[in-house]
Amino acid sequence: MSDLGQETRGQPQRAPPPPAAPVVATPAPAATAATAGGTGKGDARSLATLFSGLSDPKTSTPLQGDKRSEGKFPSWTSQNWRSLGGSVVGNRLADTPQLDPKKPELPAKIKNATIGGPPVGNVDLTGLKVESSNKGGDGFYHDSTSGTLALAKPGSYKYNKDGESADLYTARAVAGAREQVGVRANAKVAGRYGEAKAGADAFALAEAGADANASFGSNGLQASANTSARAGVGVKGDADLKSAPLLNIEGVDPVTAGIGTHADGFAGGRIGGGVKAGISPKFTGFEGKLGGFAGAEGNIDAHASLGPLRAKIGASGFAGIGAEASGRHLA
């Protein structure tokens, strides 16, 4: 997956400082694994001000943009972001200078001081009632989505490589609205050798939503609430070919082959925020975040199948400007 981003703005110019008298500098001792980091607990002891009471060592440092490339085909990724301002303050491990255990000879770095594209949450409105002007058919359409939804699940038990987990109760409530207008077209042809189908959609939309979630189980008590809004224009298209059965075995699904492509793009703005609180072995405390992004995003992929086998390769990219603010208090 390839993520491409660009965020630029001219930096303000400052007058050069007056000449200072020559001084003799004494090199600071090199950071070591024992002295480079904070407590890693983010243990704010007072809320008189936003960051008062943070136990030492703590850090306040400007944010830096992220510029890196990593991975290999087909999962290569690249980022190129420039910070327009802001700072990180805290005493978690990621807020304080830490040595890379794989490269201990390099200077200690503050992980949270380097930022990429701002993560912006989007409330999922799936399940809300949709009214369509042409019942999902081709041509011009106007879809309206609105309403509320409440879901509750009884207890469940899971076992995986991370161990056992049991949920005694989970609940989710959603409220939102979306208006979308556009033009769509679909075509499908079937014959002796298989079928081919294609679809395209060009649209404009505006939506807003909010949700609340709660769960209680072996992982403790967790609660969260989120809200988001977005508006813009977009396009998407799909094309797929599927063969007639290549092999028929009684009692087994027919073996077919297929290939297809997908592409989508969106340009506009979105904003999202959320809060989370919990009491559990892994997270006890609360956190909040708010982010916004304006720009363009795009995705493309090609996929193929042969019987139960599946393969997919794709790329995605975005360009624009964004902002993020977040904080966490751990007990």
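Quick caveat, the model's predicted, so the values are computed rather than measured.
- Under the 4.5 Å side-chain contact rule for hydrophobic residues, Ile259 and Ile313 do not share a cluster.
- By the 6.0 Å contact criterion, CZ on Phe203 is enclosed, its count of non-hydrogen atoms from other residues, nucleotides or ligands being greater than 12.
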Go through the steps to decide whether Ile271 and Leu290 satisfy the test side chain to side chain contact (heavy atoms under 4.5 Å, CB included), and finish with yes or no.
CA-CA 8 Å; Ile271 185 172; Leu290 176 67; 4.3 Å; yes
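- At a threshold of 4.5 Å between non-hydrogen side-chain atoms, the residues Leu205 and Asp143 do not count as touching.
- Between His142 and Ser144, the closest heavy-atom pair is NE2-OG, 3.5 Å.
- The line from CZ of Arg172 to OG of Ser215 is 13.0 Å long, rounded to the nearest 0.5 Å.
- Within the 4.5 Å cutoff, no side-chain heavy atoms of Ile115 are placed close to those of Glu324.
- Here CG of Asn299 is found 12.5 Å from CZ of Phe266. Values are rounded to the nearest 0.5 Å.
- Atom-to-atom distance recorded for Asp201:CG and Asp138:CG is 10.0 Å, nearest 0.5 angstrom.
- The side-chain contact (heavy atoms from CB on, under 4.5 Å) search around Asp66 returns Arg68, Gln79, Thr114, not counting sequence neighbours.
- Around the CG atom of Leu246, the shell of radius 6.0 Å holds more than 12 heavy atoms that belong to other residues, nucleotides or ligands.
- The OG atom of Ser87 sits 6.5 Å away from atom CG of Leu63, with the distance rounded to the nearest 0.5 Å.
- Between Arg184 and Gly137, the shortest heavy-atom contact is NE-O, 3.0 Å.
- Annotation: side-chain contact (heavy atoms from CB on, under 4.5 Å) contacts of Val123 (sequence neighbours excluded): Leu125, Val174, Asp211, Asn226, Ser228.
- Using cut-offs of 30° and 60° for the angle between ring planes, the Phe318 and Trp81 rings count as tilted.
- Contact record, Leu128 with Ser146: CB-O, 4.2 Å, taken as the closest heavy-atom pair.
- Going from atom CD of Glu207 over to atom CZ of Arg270 covers 11.0 Å, rounded to the nearest 0.5 Å.
- Just one residue in the list Val88, Val89, Thr61 forms a side chain to side chain contact (heavy atoms under 4.5 Å, CB included) with Asn112, and that residue is Val88.
- Considering every non-hydrogen atom in both Leu84 and Ile321, the closest pair reads CD1-CD1, 3.6 Å.
- Residue His262 holds its NE2 atom at 7.5 Å from NZ of Lys236, rounded to the nearest 0.5 Å.
- Asn134 places no side-chain N or O within donor-acceptor distance of the main-chain N or O of Tyr141, the cut-off being under 3.5 Å.
- Between Gln180 and Thr145 there is no side-chain heavy-atom pair separated by less than 4.5 Å.
- Contact of the Arg310 side chain with the His303 side chain is not registered, since no non-hydrogen atoms from C-beta on lie closer than 4.5 Å.
- The heavy-atom pair separating Ser280 from Gln222 by the smallest distance is OG-NE2, 3.1 Å.
- In terms of heavy atoms, Ala175 sits closest to Thr148 at CB-CG2, 3.8 Å.
- Looking only at distances, a side-chain donor or acceptor of Ser243 sits under 3.5 Å from a matching main-chain atom of Ala257.
- Applying the salt bridge (charged side-chain N to carboxylate O under 4.0 Å, His left out) test to every pair with at least one member in residues 107-129, sequence neighbours left out, gives these pairs: Lys129-Glu131.
- Not one N or O on the side chain of Ser305 forms a donor-acceptor pair closer than 3.5 Å with the backbone of Ala311.
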